[in-house]
Amino acid sequence: MTVLVTGARGAVSAGLLRHLTGAGINVRIASSTPQPDQTLLNLHDPATFATALRGVSQVFLYANAPTAADFATAAATAGVGHIVVLSSNAVTTVADPDVNPMAAPFLAAETALRAGPATVTVLRPGSFSSNARQWMHGIRAKRAVDLPYPAARVDAVDEGDVAEVAYHTLTDSGLRGATLNLTGPDAISLAEQAHALSAALGETITVNRITREQWKQSANQYVTGDYAEALLNYWQALELHPASISTAVSDIAGRPATNFHTWVHRNIDMFR
Ligand SMILES: NC(=O)c1ccc[n+]([C@@H]2O[C@H](COP(=O)([O-])OP(=O)(O)OC[C@H]3O[C@@H](n4cnc5c(N)ncnc54)[C@H](OP(=O)(O)O)[C@@H]3O)[C@@H](O)[C@H]2O)c1
């Protein structure tokens, strides 16, 4: 079998590729900006799909709603039997997933892929532990993290765990067609995450509670408009009700899910 792995530069794809090549599985590595030994697959350009999919039996795919139907068609033409799509558990955690910008594109991509003939396995991770990288500049510059909802308890999932589950879904036929919510082992507040970074650095990190407007101004290079409002609402809700925790990572990987403290231990140097 040949597995097409899209998005080669991504953290999840990179982890998945280590598992697949370690197991001796034939891979085709695709990227929107391919290295010489990689295949061009630009999810924004369906004209790149057919060549990348030729001779492939399974695919690991980053969700991209606008071209998901084109991808399903191209995969069907190529005879692909199984697509594992990286979605988001926002599809199940927000109240209005059809319209909420944190969920709607993922739901649309899942639906379009399922309309094709290939079996579709859906990975729905929660908030990545690596989202803490967004605090890197503030920690380095002023030893502070500015948060609108510091008590929001998120489901911090390690991208390495998502990659490992992706590997199992591609190699264990019993998982084909599953829909898997992937979280860390416990809900941890954003303030507790900052404290974990503080402890690992051996330096005090101040957590400042800021207003929604202050946060929107500080983040407007990356997140704007309806998406910014949806993210704020998501955190606000998680201050009242912590994120739900799934056992899927430990059930499938056969070991506990990686907690945020371990992510910190592995990644602390970027915050120094
Ligand atoms: N952060 C969170 O809390 C969270 C939660 C749930 C779901 N997610 C989803 O998880 C994914 C991020 O995964 P990650 O951490 O592995 O990624 P990442 O490290 O942030 O890298 C971005 C990925 O997107 C791919 N990509 C970007 N433009 C592309 C294009 N035009 N065609 C093909 N691929 C393209 C990149 O691949 P190339 O550059 O190699 O093409 C790369 O794999 C996103 O889809 C995100 O929405 C994130």
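These numbers come from a predicted model, not from an experiment. Order of appearance sets the numbers: ligands from 1, and atoms from 1 within every ligand. Side chains are part of it too, since the values below use all heavy atoms of this structure and drop only hydrogens, waters and symmetry mates.
Within the listing of ligand 1, atoms 30 (C), 31 (N), 32 (N) sit less than 4.0 angstrom from a heavy atom of Asn42. Distances below 4.0 Å separate heavy atoms of His44 from the following atoms of ligand 1: 31 (N). Taking a cut-off of under 4.0 Å to the non-hydrogen atoms of Pro125, the atoms of ligand 1 that pass are 6 (C), 7 (C). The contact set between ligand 1 and Leu41, taken as ligand atoms under 4.0 Å from a residue heavy atom, comprises 32 (N), 33 (C).
The only member of Val165, Leu61, Val85, Val12 that meets side-chain contact (heavy atoms from CB on, under 4.5 Å) when paired with Leu123 is Val165. Among Val84, Ile252, Asp251, the one residue that satisfies the side-chain contact (heavy atoms from CB on, under 4.5 Å) test with Leu180 is Ile252.
Contacts between Val12 and ligand 1, counted as non-hydrogen atom pairs separated by less than 4.0 Å, involve both the backbone and the side chain. Contact annotation for Ala14 and ligand 1: no heavy atom of the residue comes within less than 4.0 Å of the ligand. Contacts between Leu86 and ligand 1, counted as non-hydrogen atom pairs separated by less than 4.0 Å, involve the side chain only.
Met270 approaches Arg140 most closely through the heavy-atom pair O-NH2, 2.9 Å. Residues Ala156 and Ile188 share a closest heavy-atom pair of CB-CG2, 4.0 Å. Of all the heavy atoms in Val56 and Val80, the pair that sits closest is O-CG2, 3.5 Å. Between Pro148 and Thr211, the shortest heavy-atom contact is CB-O, 4.3 Å.
Ranked by closest heavy atom to atom 9 (C) of ligand 1, the top entry among Ser87, Ala52, Ser88 is Ser87. Nearest-residue assignment for atom 43 (O) of ligand 1 (options Ser130, Ala103, Ala156, Gly7; heavy-atom criterion): Gly7.
Heavy-atom distances between Ala63 and ligand 1 stay at or above 4.0 Å for every pair. Residue Ala30 places no heavy atom under 4.0 Å from ligand 1. Heavy-atom distances between Glu159 and ligand 1 stay at or above 4.0 Å for every pair.
Scanning the protein heavy atoms around atom 27 (C) of ligand 1, the nearest turns out to be Ser32 OG, 4.7 Å. Atom 5 (C) of ligand 1 has its closest protein heavy atom at Gly126 O, 3.0 Å. Nearest non-hydrogen protein atom to atom 13 (O) of ligand 1 is Tyr62 CE2, 3.3 Å. With respect to atom 38 (P) of ligand 1, the closest heavy atom belonging to the protein is Ser31 OG, 3.4 Å. Protein heavy atom nearest atom 46 (C) of ligand 1, with residue, atom name and distance: Phe106 CZ, 4.2 Å. For atom 22 (C) of ligand 1, the closest heavy atom belonging to the protein is Gly10 CA, 4.5 Å. Protein heavy atom in closest approach to atom 34 (N) of ligand 1: Leu43 CD1, 3.9 Å. In this structure, the protein non-hydrogen atom closest to atom 1 (N) of ligand 1 is Asn131 OD1, 2.9 Å.
Of the protein's heavy atoms, at least one falls inside 4.0 Å of atom 15 (O) of ligand 1. The protein reaches atom 7 (C) of ligand 1 closely, with a heavy atom under 4.0 angstrom from it. In this structure, atom 20 (O) of ligand 1 has its sub-4.0 angstrom surroundings free of protein heavy atoms.
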### Task
Test salt bridge (Lys or Arg N to Asp or Glu O under 4.0 Å) on Arg153 and Glu239 and set out the steps.
CA-CA 6 Å; Arg153 295 182 69 190; Glu239 284 209 327; over 6 Å; no

### Message
Would Thr33 and Arg9 count as a side chain to side chain donor-acceptor pair (under 3.5 Å) here? Give the steps.
### Response
CA-CA 8 Å; Thr33 48; Arg9 291 192 304 172; 3.2 Å; yes

#### Entry: Test salt bridge (Lys or Arg N to Asp or Glu O under 4.0 Å) applied to Asp161 and Arg255, step by step
CA-CA 10 Å; Asp161 287 1; Arg255 56 158 179 83; 2.8 Å; yes

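With contacts defined as side-chain heavy-atom distances shorter than 4.5 Å, the pair Glu110/Val120 does not qualify. For the pair Arg266 and Thr258, the minimum side-chain heavy-atom distance is below 4.5 Å. Here the side chains of Thr51 and Thr48 are not in contact, with every heavy-atom distance at 4.5 Å or above.
Between Ser127 and ligand 1, not a single N/O pair is under 3.5 Å apart. The N/O atoms of Arg9, backbone and side chain alike, include one that comes under 3.5 Å of an N/O atom in ligand 1.
Side-chain contact annotation: Arg18 with Tyr167, donor-acceptor N/O pair under 3.5 Å absent. Residues Asn208 and Asp146 have side chains that bring a donor and an acceptor to within less than 3.5 angstrom of each other.
Of the possible polar contacts, one joining the Asn267 side chain to the Trp263 backbone as a donor-acceptor pair under 3.5 Å is found.
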